[in-house]
Amino acid sequence: MIQKPKGTYDVYGKEGQTILYIENVLRALMDRYDYEYVRTPHFEASELFHRAVGETTDIVTKETYDFLDRGERKMTLRPEGTAGVIRSFIENKMYARDVMPVKTWYYGPMYRYERPQAGRFREFYQFGVEVFGSQDAMADAEVISIPVTLYKLLGLKGIKVNINSLGDTESREKYREALIQHFKPHLSELCEDCKERFSKNPLRILDCKVDHDLEIMKKAPKTIDYLNEASKKHFEKVQEYLKVMDIPYSIHPGIVRGLDYYTHTVFEVEASVEGFGSQNVLCGGGRYNNLVKNIGDVDVPGVGFALGMERLMTALRYEQIDLCNNTLDVYIIPFEETKKEAISLLQELRLSGFKADTDYMNKNIKANFKQADKKNARFLILLGEDELEQNLLTVKDNHTKEEYKIQKEELIAFLDEAFEEECTCEECGGSHEEME
RNA sequence: GCGUUCUUGGUGAAGCGGUUAACACACCUGACUGUGACUCAGGCAUGCAUGGGUUCGAUCCCCAUAGAGCGCCCCA
């Protein structure tokens, strides 16, 4: 038996329904925010990711799917979405648009060769946005508000927004220096991983779970103390905007993000649910004012974020949020001699907008009733010889268990009326109504 | 890349060296030739991830491989 590749998964059944539902919410949400959809290739020239993500990051050094195409070109399956979108932004000269900023969103699979684990796959789906052209803190705040709004629409409660600022290039460099000076005399006290980080990416030491409680960790300089005036002001504005949008947040000096390209605002949204697992960061992002310049020749600031669908799905499971619509309006129980009438009736119901199904397995009546229950059918229609002779339908309301004899011509009107009444009830409430 | 636990029908699983692989749910058939959650009688793994080895004998012990889960690193 051939199995799926390690770290991949199939989507079907309830999960498939849930994902389609979420994708619809995403689309509607991005429309409201007035963002434009961008789709870029799933593979790009390897060099793009080396430049964008950073030569030294783990993602580029040991996690990419690289291959040579038949023309000997070095290609890489995209490990993240930002690089491709920026490439597209430059290549399609979106920087020359008459409407600025350019606000984009993307959605699709990403690839990283990693050991699979909770909330981590080799092929995984990310939804993300990139906003180009604005330096304003309003853009930062808006970007942060997107995942927050999405999680709210889906009904997630246990989430926390953590923000920090790395400042501009000048501030960032000054801080980096300070950090190195701080840890240098204490290098021996740190864990093995942190010693590695010290030379590779000192900012990451702050993220360490092992050394978290160490005295020198607590005394470590904080990014926000090293911000210059302009950077500080920017960060304050972001916070001010978050407050007026009613988005609760906390400042975490520890979040520095792994990718090299961030400047100013960085943020993460985490699932703060007990027992969620170690991969509890649902989304992350921030501002990258130098990245576009590094990739192309245009100097355009940007800000964006990406969220992992798999982790979102895990969070929904943990909070026991069910977004599936597993009901059927009508289930027709056919008999051997009425199949023709049954399929014709089915067609009519579907044309009229009802979700309808029947039996294709020649099941007996008992099994049909059972199946109708499993499919959560609201109405059952029995269509047998008796009904055929009398030109009637036996319609059974599966809520009240009442049975009606109805003329075939009156069926649609009957159902319309029945569902009309239902619409005002609690059943329809919940998150999806807010999306109308 | 490292550590660790695991892999038995459609599903949940018992068995941990001895020849019919338990039990439950689901499913199918019939009692019941048109009304469902009851009852009863049947049926449903020639096989225990794959490949080797040890043994008179292996689902059970050993080795390898693959996959899954969890943690580290890193990230969404």
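These numbers were taken from a predicted model, which means no experiment stands behind them. By convention in this document, chain letters (A, B, ...) are assigned in the order of the sequence lines, proteins followed by strands, and residues within each chain are numbered from 1.
Dashed line: the shortest gap from a side-chain N or O of A:S278 to OP1 or OP2 of B:C70 is not under 4.0 Å. Dashed line: the shortest gap from a side-chain N or O of A:Q117 to OP1 or OP2 of B:G71 is under 4.0 Å. Under 4.0 angstrom from either OP1 or OP2 of B:C28 there lies at least one side-chain N or O belonging to A:K363.
Which of B:C73, B:U39, B:G34 sits closest to the side chain of A:R120 comes down to B:C73. The nucleotide whose nearest atom lies closest to any side-chain atom of A:R115 is, among B:A76, B:G69, B:U35, B:G69. Among B:A76, B:U35, B:C73, the nucleotide with an atom closest to any side-chain atom of A:R197 is B:C73. Considering only side-chain atoms of A:F335, the nucleotide from B:G34, B:C38, B:A76 that sits closest is B:G34. The A:Q279 side chain lies nearest to B:C72 when the options are B:C72, B:A76, B:G34. Proximity note for A:K396 (side chain, C-beta onward) versus B:A76, B:U35, B:A31: the nearest is B:U35. When each of B:C73, B:A31, B:A66 is scored by its nearest atom to the side-chain atoms of A:Q3, the top-ranked nucleotide is B:A66.
Across the C1' atoms, B:C25 and B:U65 are found 34 Å apart, a figure rounded to whole Å. Of the P atoms belonging to B:C63 and B:A26, the separation is 41 Å, rounded to the nearest Å. Taking atom P on both nucleotides, B:C70 is separated from B:A13 by 15 Å, rounded to a whole Å. Taking atom P in both B:U5 and B:U46, one finds a spacing of 32 Å when rounded to whole Å. Across B:G12 and B:G42, the matching P atoms stand 27 Å from one another, rounded to whole Å. Taking atom P in both B:G34 and B:C40, the straight-line distance is 24 Å, to the nearest Å. Straight-line distance between the P atoms of B:G43 and B:C6: roughly 36 Å, to the nearest whole Å.
For the residue pair A:Y33 / A:S145, a side-chain donor-acceptor distance below 3.5 Å is found, with atom types taken as modelled. Side-chain contact check for A:E130 and A:Y288: at least one donor-acceptor pair (N or O, by modelled atom type) lies under 3.5 Å. Side-chain N/O atoms of A:D66 and A:T64 include a donor and acceptor closer than 3.5 Å.
With its glycosidic angle within 90° of 0, B:G9 adopts the syn conformation.
Across the strands present, B:G57 finds no partner; the criterion is a Watson-Crick or G-U wobble pair with both atom distances under 3.5 angstrom.
In terms of position on RNA chain B, the residue among A:N364 and A:K401 whose nearest nucleotide sits closer to the 5' end is A:N364. Of the residues near RNA chain B, A:A118 and A:Y113, the one whose nearest nucleotide (by heavy atom distance) lies more toward the 5' end is A:Y113.
No contact: A:N280 has no heavy atom under 4.0 Å from any strand. Contacts of A:E63 with the nucleic acid, taken as non-hydrogen atoms under 4.0 Å apart, involve only primed sugar atoms and P, OP1 or OP2. As judged by a 4.0 angstrom heavy-atom cut-off over every strand, A:E403 is placed among the base-contacting residues. A:G128 comes within 4.0 angstrom of nothing in the nucleic acid, heavy atoms only.
The base of B:G34 sits with one of its N or O atoms less than 3.5 Å from a complementary donor or acceptor on the side chain of A:E387.
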In sequence, state the C-alpha distance, the side-chain angles, and the governing distance for A:Y107 and A:Y125, and then conclude on ring-ring contact (aromatic ring centres under 6.0 Å, His included). CA-CA 7 Å; A:Y107 171 74; A:Y125 278 70; 5.8 Å; yes
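Atoms OG1 and CD, from A:T358 and A:Q371 in turn, are 9.0 Å apart once rounded to the nearest 0.5 Å.
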